[in-house]
Engineer: 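Got a structure for you, written out below as structure tokens; questions coming shortly.
Naming convention: chains lettered A, B, ... in sequence-line order (proteins, then strands); numbering from 1 in each chain.
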Amino acid sequence: MDAIIKPTGLRTGSTLTEIVRVNGLRKVYEGKQRVVAVDGIDLAVREGELYGLLGPNGAGKTTTISVCTTRVLPSAGSVCLDGVDVVASPALARRSMGIVPQYNTLDRACTVYENIFFHCLYFGFSRNDARERTAQLLEQFHLSDRASAYPAQLSGGLAQRLQIARAISHRPRVLFLDEPSAGLDPQSRIAMWDAVRALRDEGITVVLTTHYMEEADALCDRVAIVDHGKILVEDTPAALKSSVGAQKIYALELDNYEDAPQLAGQIRELQGVFEVEPTPTGLRIFAGSADGLLPEIVRASNPYGLRDLTVTETTLETVFIRLTGRDLRE
Amino acid sequence: MPTMEQELVRSPSAAPRNAQSPRRMQYARAFLGLFLRDLYVLRRESIPFLIRVCMNPLLFLFVFTYIMPHMSDGAALNPTASMGGANFSTVLLPGLMAVAIMFSGIAAVALPLAQEFGITREIDDRVMCPLPVSAVAIEKICFSSVQSAIAAAIVAPLAYYVPATPVYAHVANWPFLLTVLILASLTAGALGLFIGTTVKPQQIGLIFGTVVMPITFLGCVYYPWAMLDRMPVLQHAVLVNPIVYMSEGLRAALTPNTPHMNTALVLVMLTFYLFLLTALGIRGFRRRVIG
């Protein structure tokens, strides 16, 4: 098989082509307890993009990705990947995609080297091409010195890296990463982020799911926030954050929180405050980045028994809270 | 004939990603890749494989056809007393080969599948290969049949040379023997696929007691089917057991002087079970891997 050479730098201007197109996707698990996992998702991923599905556990992210990667049949709707209908022609569609699932699916009976080598053979590489590609990927993912180790001997971070290397070994056009940082220590997570960014620079489109808003923020060009099987909103992380209209969030904890509505009235009058909403233990204040607001808030809330105050920058989590009224972790 | 110009126009789009290569070729290469991987792993694990294949028949032969005939009061205990004109050692040769074939199918497909479906989910990697899911299941059957054939080839000389009493075997019809061997090996793989996809992974340990032992002991392994004629109910009941046709087929091919089942019936029934178990196994496999 000829080596497949992908042009790099596909993200040029506005003439980007769609590579993944999901239309009206629904997945209902019938049974004693009927579960609607995906409830009408439409999305389009452009070539060369790093696209994220952000949402809490059980939002339907994994099911969406599983349908895209031919492992789950949809109840309704369609998925088109690189011009191929994944439901009608799954075997053909699999050539254009790589997948790193949440759990470790490495071949336990084969070494690190063989995991990639045989994967290349499955995708029609000649033995020579497969050997070359394996050596190159082991080098790229810093796994060369572990080439003869078995998956059981690898740490979580290394196993994850090997899974990514294997998933892209047949040079897919789209790589799906399902919760790539689940179970990784912070250091391995940063290393994984670097690896994923490098893939995008190679021109591979990446679709990932995550429930870590930092991850979506740090990695993705565009993010869709998913909850209860539906996309709530979709945009670039910067645009999503600015849609909240505030740059800072002040969370107050009050001893006399039953008087919070009264305090809320006072704080709303302050310059730079956009919105105030009650929380179970106090107030949440959405504000601009005006200087001098903090002392004013403290002064106003002291008579109500201010116990604690946290100030955070607007994050994607804020966006999620604004849309659903809940925390991502709840 | 396409003109040179047409060729030139077509080739740039055809070259990258091999997009124009025929689909059958893509499937064949993926299938071959899976097969090579399995062969490679088997070669590395050849010692455990040999132990697994040899231990059961070796002990069986040693106890029943070597120790017992040598005992002081051997005649009373001697299971090698004549059986339909053939001695026990002669009856055992095809029987133990059938067990080895059947057991390899279970060990090569059902047990690994339980692991791949259960704890490791390794199956997801195989299922993501660029070929239809049913072909992944068929590859498992084919590879298992190779193991079964090797197992049969290992057990045959053991069953011939270990017994203290002579084994009367001769092959009159090689094509028939090969056909039976291939059909039996494939059917064993299909049986393994069926069991592996039907039984819950957590309960796979139970199949030895509930499936493997009964089909072995009631599979005409240790006695020819014709000798069940005094127990007509049993003689008819065991006909649902595919192992019966493996044992009887090998009996007809290897020890034709022992009473054995009609050879045409054996071939028909083995083919029937091969298709039935393959179809059920593929259905179960698809159900397990595609949500």
Engineer: Between NZ of B:Lys140 and OG1 of B:Thr278, what distance do you get to the nearest 0.5 Å?
Structural biologist: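 Here the interatomic distance stands at 14.5 Å.
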Engineer: Which residue out of B:Gly33, B:Ala135, B:Pro130 racks up the most heavy-atom pairs below 4.5 Å with chain A?
Structural biologist: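 The residue among B:Gly33, B:Ala135, B:Pro130 with the greatest pair count is B:Pro130.
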Engineer: With a 4.5 angstrom heavy-atom cut-off, could you sort out which part of B:Val41 is near chain A: side chain, backbone, both or neither?
Structural biologist: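 For B:Val41, the contact with chain A is made by the side chain alone.
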Engineer: Give, as side chain, backbone, both or neither, the part of B:Leu131 having an atom under 4.5 angstrom from any heavy atom of chain A.
Structural biologist: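 Only the backbone of B:Leu131 comes within 4.5 Å of chain A.
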Engineer: Under a 4.5 Å heavy-atom cut-off, does chain B meet the side chain of A:Ile99, its backbone, both or neither?
Structural biologist: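 Answer is side chain: those atoms of A:Ile99 sit under 4.5 Å from chain B.
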Engineer: Please walk me through it: do A:Thr209 and A:Asp178 pass side chain to side chain donor-acceptor pair (under 3.5 Å)?
Structural biologist: CA-CA 5 Å; A:Thr209 73; A:Asp178 195 4; 2.7 Å; yes
Engineer: Taking side chain as everything from C-beta outward and backbone as N, CA, C, O, which of these in A:Asn104 sits under 4.5 Å from a heavy atom of chain B? Side chain, backbone, both or neither.
Structural biologist: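 For A:Asn104, the backbone is the part near chain B, not the side chain.
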Engineer: As an exercise, state the distance from OH of A:Tyr150 to CG of A:Asn115, rounded to the nearest 0.5 Å.
Structural biologist: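 It is 10.5 Å, given to the nearest 0.5 Å.
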Engineer: Please flag which part of A:Glu114 lies under 4.5 Å from any non-hydrogen atom of chain B: side chain, backbone, both or neither.
Structural biologist: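 Contact with chain B is through the side chain of A:Glu114 alone.
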Engineer: At a heavy-atom separation under 4.5 Å, does B:Tyr27 approach chain A through its side chain, its backbone, both, or neither?
Structural biologist: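 The side chain, not the backbone.
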Engineer: Checking A:Ser75 side chain against A:Val28 main chain: does a donor-acceptor pair fall under 3.5 Å?
Structural biologist: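 Yes: the side chain of A:Ser75 pairs with the backbone of A:Val28.
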Engineer: Hey, are A:Arg166 and B:Asp125 close enough for a salt bridge, meaning a charged N less than 4.0 Å from a carboxylate O?
Structural biologist: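 Yes, A:Arg166 and B:Asp125 are salt-bridged.
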Engineer: Which is it for A:Thr17 and A:Glu47 under the side chain to side chain donor-acceptor pair (under 3.5 Å) test, yes or no, and what are the steps along the way?
Structural biologist: CA-CA 6 Å; A:Thr17 44; A:Glu47 187 155 17; 2.9 Å; yes
Engineer: Can you tell me which of B:Glu116, B:Arg121, B:Arg44, B:Glu45 forms the most heavy-atom pairs within a distance under 4.5 Å of chain A?
Structural biologist: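 Among B:Glu116, B:Arg121, B:Arg44, B:Glu45, the one with the most close pairs to chain A is B:Arg44.
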Engineer: Mind checking the CG-OG spacing from A:Asp85 to A:Ser78? Nearest 0.5 Å is all I need.
Structural biologist: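 Nearest 0.5 Å value for the CG-OG distance: 6.5 Å.
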Engineer: Go through B:Arg23 and B:Gln26 one step at a time and tell me if the side chain to side chain donor-acceptor pair (under 3.5 Å) criterion holds.
Structural biologist: CA-CA 5 Å; B:Arg23 196 176 287 195; B:Gln26 172 192 331; 5.7 Å; no
Engineer: Just wondering, are more than 12 heavy atoms of other shown residues or ligands nearer than 6.0 Å to CZ in B:Arg52?
Structural biologist: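 Enclosed.
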Engineer: So which residues of residues 61-71 of chain A are in contact with chain B at a heavy-atom cut-off of under 4.5 Å?
Structural biologist: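 Answer by number: A:Thr69, A:Thr70, A:Arg71.
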Engineer: Which atoms of B:Leu32 come close to chain A, meaning under 4.5 Å heavy atom to heavy atom: side chain ones, backbone ones, both, or neither?
Structural biologist: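 Neither the backbone nor the side chain of B:Leu32 comes within 4.5 Å of chain A.
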Engineer: Other residues, nucleotides and ligands only: do more than 12 of their heavy atoms fall within 6.0 Å of CZ on A:Arg108?
Structural biologist: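 Yes, CZ of A:Arg108 has more than 12 neighbouring heavy atoms, counting only those of other groups under 6.0 Å.
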